[in-house]
Amino acid sequence: MTGVVRVVLGACGIGLIAVGVWSLGRGTEDPWQVARWLAGPLIVHDGVIVPLTLLIGWAVARLPARRTVRGALLVAASLTAVACPVLFRPGRTANPSVLPLDYPRNWLLALGGVAATTLAVGLAGAWSRRRSRTGRE
């Protein structure tokens, strides 16, 4: 049964890719602009985000709460990736209801929440390890 599902999903994916390529050829958009729009995030991801994440992960490898810190860094990177379109939007729109919130502030608040949660989890883990070493339960 799983083989049939994979074949059907693969055929649907190929069909959707074909529709996208066909639409691109018929559309009024500049194909090179679309290619840059598709390639830009890949270049930023593979050239900036991944090396930076690996470098920071390597830097925190000696910390006692390295798993917690690495998890927080991955959550922060994911939040940043999701927030990038509204953080780097090209200015104000004519319609004030289109992006009405203060997105940079909200992004910083979310990162602050991640940092506070990471600190709480790290302190709880340190307290738990300290308690188990002293033999108190």
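Closest non-hydrogen pair, Gly122 versus Thr68, comes out as N-CG2, 4.3 Å. Here the closest non-hydrogen pair linking Val60 and Arg70 is CG2-CG, 3.9 Å.
Separating the OG1 atom in Thr80 from the CH2 atom in Trp107 is a distance of 5.0 Å, to the nearest 0.5 Å. Atom CG of residue Leu52 and atom CG of residue Leu73 lie 9.0 Å apart, to the nearest 0.5 angstrom. Here OG1 of Thr118 is found 10.5 Å from CG of Leu123. Values are rounded to the nearest 0.5 Å.
Connection of Ile56 to Leu63 is established within a shared hydrophobic cluster, with ILVMFWY side chains joined at heavy-atom distances below 4.5 Å, either directly or through further cluster members. Each of Val114 and Val121 belongs to its own hydrophobic cluster when Ile, Leu, Val, Met, Phe, Trp and Tyr are linked at side-chain heavy-atom distances under 4.5 angstrom. Both Leu101 and Val86 sit in one connected hydrophobic cluster of ILVMFWY residues. Membership requires side-chain heavy atoms under 4.5 Å apart, directly or through other members. With hydrophobic clusters built from ILVMFWY side chains whose heavy atoms lie under 4.5 angstrom apart, Leu87 shares a cluster with Leu111.
At distances below 3.5 Å, not a single donor-acceptor pair connects side-chain atoms of Ser128 with backbone N or O atoms of Ala124.
Open room surrounds CZ on Arg62; 12 or fewer heavy atoms of other groups in view lie less than 6.0 Å from it.
Checking Leu108, Asn106, Asp102 one by one against Pro104, the side chain to side chain contact (heavy atoms under 4.5 Å, CB included) holds for a single residue, Asp102.
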